[in-house]
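As structure tokens, the structure follows; a few thoughts come after it.
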Amino acid sequence: MRLRAIRPPVWALSGATVVVALVSATVVVTLLSGAATTTAGATEATHSNLTERESGVGSGLRHRGRASGVKIGTAAQPAAMAENGAYQAVLSQEFDSVTSESQMKWDIVEPARGAYDWTSSEALVRFAEANGQIVRGHTLVWHDALPGWVANGTFSPEQLRDLLREHIQTVVGRYKGRVAAWDVINEPIADTGGKLRPSLWMTALGPGYIADALRWAHEADPGAKLYINDYGVEAVNAKSDALYNVVRGLRRDGVPVDGVGFQSHLALSTNLTTLDANLRRFADLGLDIAITEMDVRLPLPATPAQHVAQAGLYTRVLQACLAVARCVSYTVWGFTDRYSWVPYAYPGWGDACLFDATYQPKPAYQQLRQLLVDSPRR
Ligand code: XIL
């Protein structure tokens, strides 16, 4: 069962905080070799001490994972980037890839028709560029995070099609050459019945909206990798079968789709027995595979045993990615419980990230790090 995502008010964006993020990003770059504690206070010291104790700066997941060939990524929140240096330090030290958790959603970039606001997306992209990270752009076509003028508009199907094309071409075009991969289509499959989700887009435009959106994105940036991204499709099941049939049809028709994103919002009860076979069948279609939104929620308060089990799931999914040559990236949906979406979307649950709210690493972080060291792939 899916719970609706609720935008947490706690780090609601303001123009002022984004400016701070940009300034602070530069600070992190210049201070990274060992002196990050000077900017950020106690919580940052926690992470710096960890890396120093274990093997010095440069020991983060992004460095440990280099030989694996898999990009290690995280979603990032703009206002969290602005709040303190600890967040920025971990973000830049640990990850190769940054996904816009909210910064590139329609309601943020085009809150009013034709009035684009790039403040938040620009802050994220600049931070990534300053820190040698790639950007995963998230997301262009989704049933959620639509501004009121789209969700409640009274547009004809033709008008909606034009709006969608213009939106995709404007956003992808703006970041041409700067966003490595786009989640073009997000959550297109219904939870039951093996059908396409009856979203605004599906209802107005029919199933062809998927191919159209991919083609428009490809025209706007032929170099970007274009993904379809969904949740609950990690194992072989009715939903992943439906997704498989959709992408197989797109490949057959020559539609520019490069990859499939497996969100991987997991609980300890998630059955992953068929994960490897599932990833393999998608890769066998000639597609890249990405783990795009990994987290493992725990019922609160969580026990030490649950943290160990959580580490098992985080590493299990990375192992499956490492085992498939086409699996190109492994992204967590936020790295600290301080800013995780989980408690808002799943009341009573949380503790889902690699680091706790004070940036203390959990067993999941330690085990992922170990696995990356042990597993050079190519
Ligand atoms: C979530 C963000 O994490 C929240 O901050 C926001 O309030 C709602 O959206 N699947 C997705 C993501 O594809 O875009 C969602 O992100 C989480 C579920």
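Nothing here was measured: the structure is a model prediction, and the numbers come from that model. Indexing begins at 1, ligand by ligand and atom by atom, following the structure's order. Numbering starts at 1 and runs along the sequence shown.
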Open item on the list: Please enumerate all residues that pass salt bridge (charged side-chain N to carboxylate O under 4.0 Å, His left out) together with D356, with sequence neighbours excluded.
Closed with: none
TODO: Would you kindly check if the NZ (Lys) or CZ (Arg) of R338 is within the cone defined by 45 degrees around the ring axis of Y87 and under 6.0 Å from the six-membered ring centre?
DONE: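 Judged by the rule (NZ or CZ under 6.0 Å from the ring centre, within 45° of its axis), R338 is not positioned above Y87.
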- [ ] Would you mind finding which of E101, E187, K105, H265 brings a heavy atom closest to atom 9 (O) of ligand 1?
- [x]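 When every heavy atom of E101, E187, K105, H265 is considered, K105 comes closest to atom 9 (O) of ligand 1.
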Task: Check ion pair R281-D241 (N to O, under 4.0 angstrom) - done: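 Here R281 pairs with D241 in a salt bridge, since their nearest N and O are under 4.0 Å apart.
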Close-contact set for ligand 1 against [X] heavy atoms, below 4.0 Å:
X: Q77; result: 5 (O)
X: H138; result: 11 (C), 12 (C), 13 (O), 14 (O)
X: W142; result: 14 (O)
X: Q263; result: 10 (N), 11 (C), 13 (O)

- [ ] Determine the interplanar angle of the Y359 and F335 rings, folded into 0 to 90°, and report it as parallel if under 30°, tilted if 30 to 60°, perpendicular if over 60°.
- [x]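 Tilted.
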Open item on the list: In terms of relative ring orientation, are W106 and H167 parallel, tilted or perpendicular, with 30° and 60° separating the classes?
Closed with: parallel
Open item on the list: Measuring from non-hydrogen atoms of Y344 to any atom of ligand 1, is the shortest distance under 4.0 Å?
Closed with: no
Please table the atom pairs, donor to acceptor, closer than 3.5 Å between any side-chain atom in residues 214-227 and protein atoms at least two apart or in another chain.
from: E219; atom 1: OE1; to: Q169; atom 2: NE2; distance (Å): 3.2
from: D221; atom 1: OD1; to: G223; atom 2: N; distance (Å): 3.0
from: D221; atom 1: OD2; to: G177; atom 2: N; distance (Å): 3.0

So is there a nitrogen or oxygen of [X] less than 3.5 Å from a nitrogen or oxygen in ligand 1?
X: W333; value: yes
X: E293; value: yes
X: N186; value: yes

- [ ] Could you point out which residue of D144, N229, D230 forms a side chain to side chain donor-acceptor pair (under 3.5 Å) with N186?
- [x] N229
